[in-house]
Amino acid sequence: QVQLEESGGGLVQAGGSLRLSCAGSGQTFSAYNVGWFRQAPGKEREFVAVITRDGEHSNYADSVKGRFTISRDGAKNAVLLQMNSLNVEDTGVYYCAAAGGWSLSPVAFGYWGQGTQVTVSL
């Protein structure tokens, strides 16, 4: 078992930045690939970014490439999502999730946090 907890969400104006953190506890967090997903009201949960257990490889949704950066902080047992140049389409609940394998699909991730709300205003 691994437990995940997101933090760092909030309200920001378009063009601003936020940094989300996903803190892992329980089984060795570093043994898992970790992804970020988001869900806007009335829409399905969608992939945002994923990083390998060693932090060497990552992948991003086209909509966030060049604006978001995912990274691992081994000392803090956390995965960070730096979000820059935010726009209103980035609004939603952001979830981090852990998986034993490499995937961009939410169904492959067995462990989920409770989510943190990100709201971008004009």
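Computed over heavy atoms, backbone and side chain alike; hydrogens, waters and symmetry mates excluded.
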Problem - Least distance between heavy atoms, Leu122 atom then Ala14 atom - result: CA-CB, 4.5 Å
Practice task
Grab the two heavy atoms, one from Thr52 and one from Trp102, that are nearest each other, plus how far apart they are.
Solution key: CG2-CZ3, 3.4 Å
Completion exercise
Heavy-atom closest pair (Ser71 atom, Ile51 atom, distance to 0.1 Å) is CA-CD1, 3.7 Å
Problem - Shared hydrophobic cluster, Leu104 / Tyr95 (ILVMFWY, side-chain heavy atoms < 4.5 Å) - result: yes
Exercise for the section: Using modelled atom types only, decide if a donor and an acceptor are shared between the side chain of Thr28 and the backbone of Ser30 within a distance under 3.5 Å. Expected result: no
Exercise for the section: Using the salt bridge (charged side-chain N to carboxylate O under 4.0 Å, His left out) rule, collect all pairs that involve residues 107-122, keeping only residues at least two apart or in two chains. Expected result: none
Handout entry: Pair Tyr111 and Tyr32, ring centroids less than 6.0 Å apart
Key = yes
Problem - Cation-pi, Phe29 ring and Arg72 (6.0 angstrom, 45 degrees) - result: yes
Handout entry: disulfide (SG to SG under 2.5 Å) contacts in which one or both residues fall within residues 51-94, not counting sequence neighbours
Key = none
Practice task
State yes or no: do Val64 and Val50 share one hydrophobic cluster built from I, L, V, M, F, W and Y residues joined by side-chain heavy-atom distances below 4.5 Å, directly or via other members?
Solution key: no
Handout entry: Partners passing side-chain contact (heavy atoms from CB on, under 4.5 Å) against Ala97 (at least two apart in sequence or in another chain)
Key = Phe37, Phe109, Trp112
Practice task
Name all residues meeting the side-chain contact (heavy atoms from CB on, under 4.5 Å) criterion together with Glu46; count only those two or more places apart in sequence or in a different chain, and write none if there are none.
Solution key: Arg38
Completion exercise
So the salt bridge (charged side-chain N to carboxylate O under 4.0 Å, His left out) pairs with at least one residue in residues 108-122 (sequence neighbours excluded) are none
Handout entry: Val12 and Thr119, any side-chain heavy atoms less than 4.5 Å apart
Key = no
Exercise for the section: Say whether Thr91 and Glu89, considering side chains only, have a donor N or O and an acceptor N or O under 3.5 Å apart. Expected result: no
Practice task
Give a yes or no on whether the backbone of Gly101 and the side-chain of Arg53 come within a donor-acceptor separation of less than 3.5 Å.
Solution key: no
Practice task
Return each pair, listed once, that meets disulfide (SG to SG under 2.5 Å) where at least one residue sits in residues 40-95; pairs must be two or more places apart or across chains.
Solution key: none
Handout entry: Arg67 and Asp90 ion-paired at < 4.0 Å
Key = yes
Problem - Exercise: identify the closest heavy-atom pair between Ala108 and Ala99 - result: O-CB, 3.5 Å
Donor-acceptor contacts under 3.5 Å from residues 79-86 side chains, at least two apart:
{"unit_1": "Gln82", "atom_1": "NE2", "unit_2": "Asn84", "atom_2": "OD1", "d": "2.9"}
{"unit_1": "Asn84", "atom_1": "OD1", "unit_2": "Ser17", "atom_2": "OG", "d": "2.9"}

Practice task
Find out whether Trp36 and Glu6 are in side-chain contact, i.e. whether some heavy atom of one side chain is under 4.5 Å from a heavy atom of the other.
Solution key: yes
Practice task
Could you list the residues that satisfy side-chain contact (heavy atoms from CB on, under 4.5 Å) with Ala40, not counting sequence neighbours?
Solution key: Lys43
Practice task
Only pairs at least two apart or in different chains count here, so list each disulfide (SG to SG under 2.5 Å) that has a residue in residues 66-122.
Solution key: Cys22-Cys96
Exercise for the section: Scan for salt bridge (charged side-chain N to carboxylate O under 4.0 Å, His left out) pairs involving residues 113-122, sequence neighbours excluded, and state none if there are none. Expected result: none
Exercise for the section: Please say whether more than 12 non-hydrogen atoms of neighbouring residues, nucleotides or ligands are located less than 6.0 Å from CD in Glu5. Expected result: no
Handout entry: Sequence-distant partners of Lys65, salt bridge (Lys or Arg N to Asp or Glu O under 4.0 Å), two or more places apart
Key = Asp62
Exercise for the section: Ignoring hydrogens and angles, tell me if any N or O in the side chain of Tyr60 forms a donor-acceptor pair with the backbone of Ile70 under 3.5 Å. Expected result: yes
Practice task
Please round to the nearest 0.5 Å and tell me the distance separating atom CG of Leu18 and atom CG of Leu11.
Solution key: 9.0 Å
Practice task
Enumerate the residue pairs fulfilling disulfide (SG to SG under 2.5 Å) with a member in residues 34-95, sequence neighbours excluded, ordered by first and then second residue.
Solution key: none
Practice task
Give a yes or no answer on whether the side chain of Asp73 reaches the backbone of Ala78 with a donor-acceptor pair at less than 3.5 Å.
Solution key: no
